[in-house]
Amino acid sequence: MQLDMSKVIKNLVLILSCWLCMGMIGLAEEAGEIPEVLTSISELQNVTCKFITGTEYDYTGREIKPEVASISFVDAEGILQERSTEGYTIVEYKNNTNIGKADIVISIQGYEGTLVLEDVFTIRFGSMVSLKTSPYSYKTIQLTWKKVAGADGYEICRKVSGSKKYTLIKTISNGSTTSYNDSSSQLKLGTTYEYRARAYRIVEGKKVYGSYTSAVKQKLQVATVKISSSKALSYNSIKIEWGKIYGASGYVVYRSMSEKGSYEKIATVKSGTSYTGKKLKCGETYYYKVCAYRTVKGKNYYGYGSKVVAVNTRPEKIDFNKNTLYGANEITLKWNKSPGAQGYQIYRSTDSKSGYKLVKTITKGSTTSWKNAGLDKNTVYYYKIRPYCVVKKQTVYGWYSSVYKKELVLQKISDIQKYTTVKYVSGGRTTNGWDCSGFTQWALKYIAGVNIPKVSSQQAKAGKAVDKKNMSKWKPGDVLVYSSNGRVCHVGLYLGNGKMMHALNKKHGTIIQDVTYYEKWDSGTTLTGVRRYY
C-alpha cells in the first residue's frame, strides 16, 4: 500500500495543534487566567440596602443623597451575603428631590450589570420647628415659628390645657408667613391654652403634611412690659420708665439687691408708666423689673415680669466753679460738694482730649478745693474731677466733670492790652464801654474766670492783700487801689514790669501807664492797696 504523504502530514499537524492547544489551556488554568463567567446582578434575590441615618429625610428642595452603610442579598446558591462599602458602588440616585419615595442604582463587585433598588428611602415634608407663643395683649396670644422650606402653608391647632382634643383654628395658605395672632372670642383671660402646628405642601393636588410640633402652653394675659429707660437721677434716686401696655389696669414694680435674688414689691403704679425710687444708698446697684396687670371683676390678672434692669447710684457730677483761682505757676481749683461723695479724684493733662493722669486723690467728701503749685508758666493745663464713694470695699465713681482750662496768664494779660480803644462809660462793665471798676471786673473774669465786686470801694476790701510798698511781690492781674482824701477813688490792673492798665476818664479813656509815672501825673491820688484775686 502506498501512503498519501500529504494526508499524513496534514493529520500530524492537526494532532500537534490539538496537543499544543490542550497544553496552553492547562497552563492557563494553572495560572488562573481564564476569566470566570459573571453572574448577572439581576439574578440576585432579596437585595436590600441599609442607610447610616435611617430611611426618612426632610424635604429641602435639593437632591437628597443619604449615605449607604451596606448591601445584603441572597446569591444564586441561596447563601445570604452582605457587602460593606468596598463591595458595592452607588451608581445613581433617582427621584431624590421631591416628596415621596426615592430609588438608588447600584453595582456589586463580582456581578454583571446594575440594579435599581426602588423606594428604598422616603423624602417627607419637613416638620415645623421653634413654635413659640407670647401674650400679645389681654385678649390675644401671638404664635411665631421659623419658615419651613417648600411649605405652601401651615395649620394651627389649639386646646384648653388639660383637655384631650385639639381643634383646628387656622389654616394659613402662605408658606412665607411665620406668625399668627389668636384673638378668638373664645379665649378667656387667665386661662392656659396649648398649641401645636404643622406645615403642608401641595403635591399633585393633595396636601402632604409634616409632623406636628410639640405642644406649647400659653396663658392669656396682658403683654409683657418693656423697660425703655433706667437711670440714676441723683446719688440717692433712680428712675425707670416703660412702654404702655394695652388693656393694663396698672403696673407692679419689683426691686432686688442682686439680679437673681429675691424681688420685693415696692410700688403699684396705676397712672403713668414710670417710677422714681428715692432715699437710696449711694454707690449701690439696684435691680428692677415691672409687670402689668388687668383687673376684671375685682381680680387682678398679671402678665410676665419685664427683663431685669440694673441701675447703680453714684455721686453726682460736679464741675470746677467760678471761684477757681490761678496765677502763672499755680492754680487753686474749687468746686461744690458732690452729694454722696466720700472723696474726689483730680486728673490733669496738657492736651484737652487725651493724656489725663491722676494728680490728686482727696479722701474727704467735704473738701472743695485743691491747690496745684509748681506749674510751668508757659504751659496750658487741662483738669477734670470726678467724685467717688466706697460701698462694700468697692469704689464707685461719679461721672467726670467738664474740662477746665488753665490758660497762660501772661498771654491773657497780653490779650487784654488790645482793649485800649474801649471808651470810658460811667457804670459800664463791657467792652462796649466801662469805668475803672467795670474794667477790672471784666479783666479778672477774662484772665482767670474770677468774679470780683462791682465797685472800687468793694474791690479794695476783697481778695488778698499784697504788700503795696514792694512791687517785686506784685503779680500780673493784681488790682491796684487808689484813694483821695481817705476815700477809694480809682482802681487799675497791674500788667507786670511796672505797668498798669486802667479806664481813667472820659477824656483819656482806657490807657496803659507806668505805675510810678501815674502817681506823679495824678498827684491827687495815692496808692493805698494791692489786692490779689487769683
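These numbers come from the heavy atoms of this one structure, side chains and all, not from hydrogens, waters or symmetry mates.
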Inset, instruction - Let me see the working for N372 and Y383 under side-chain hydrogen bond (donor to acceptor under 3.5 Å, both in side chains), right down to the final yes or no. - result: CA-CA 11 Å; N372 187 193; Y383 293 87; 2.7 Å; yes

Legend entry - Criterion ring-ring contact (aromatic ring centres under 6.0 Å, His included) on Y344 and W370, from CA distance to verdict: CA-CA 10 Å; Y344 307 91; W370 175 66; over 10 Å; no

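Sparse packing is recorded around CG of N497, with 12 or fewer heavy atoms of other residues, nucleotides or ligands lying under 6.0 Å away. Residue-environment remark: NZ (K219) stays at or below the threshold of 12 foreign heavy atoms within 6.0 Å. Around NZ of K139, the count of heavy atoms belonging to other residues, nucleotides or ligands within 6.0 Å does not exceed 12. Other residues, nucleotides and ligands contribute at most 12 non-hydrogen atoms within 6.0 Å of the CD atom of Q186.
Classified by interplanar angle (parallel below 30°, tilted 30° to 60°, perpendicular above 60°), the ring pair F121/Y57 is perpendicular. Ring geometry for Y288 versus Y275: interplanar angle of 30 to 60°, hence tilted. Taking the six-membered ring for Trp and thresholds of 30 and 60 degrees, F320 and Y404 have ring planes more than 60 degrees apart, a perpendicular arrangement. In this pair, Y246 and Y138 present their aromatic rings tilted. The plane angle is within the 30 to 60° band.
The shortest distance between side-chain heavy atoms of Y193 and L187 falls below 4.5 Å. In this structure the side chain of V203 never reaches within 4.5 angstrom of the side chain of N98, judged on heavy atoms. In this structure the side chain of K260 never reaches within 4.5 angstrom of the side chain of Y287, judged on heavy atoms. Counting heavy atoms from C-beta on, the side chains of N300 and S249 never come closer than 4.5 Å. Taking the side chain as every heavy atom from C-beta outward, L220 and Y301 never approach each other to under 4.5 Å. In this structure the side chain of K265 reaches within 4.5 angstrom of the side chain of Y254, judged on heavy atoms.
A salt bridge links R124 to D58: at least one charged side-chain nitrogen sits closer than 4.0 Å to a carboxylate oxygen.
Annotation: cation-pi geometry satisfied between R198 and Y209 (NZ/CZ under 6.0 angstrom from ring centroid, within 45° of ring axis). A cation-pi geometry, defined here as NZ or CZ lying under 6.0 Å from the six-membered ring centre and within 45° of its normal, holds between K384 and Y400.
Atom CD of residue E330 and atom CG of residue L375 lie 8.0 Å apart, to the nearest 0.5 angstrom.
Of all heavy-atom pairs spanning A149 and T60, the tightest one is CB-O, 4.5 Å. Counting all heavy atoms, side chain and backbone alike, R294 lies closest to L189 at CD-CD2, 4.1 Å.
Between the side chains of S338 and E316, no donor-acceptor pair of N or O atoms lies under 3.5 Å.
Each of W145, F125, Y200 was compared with Y154 under the ring pair (Phe, Tyr, Trp, His ring centres under 6.0 Å) criterion, and only W145 meets it.
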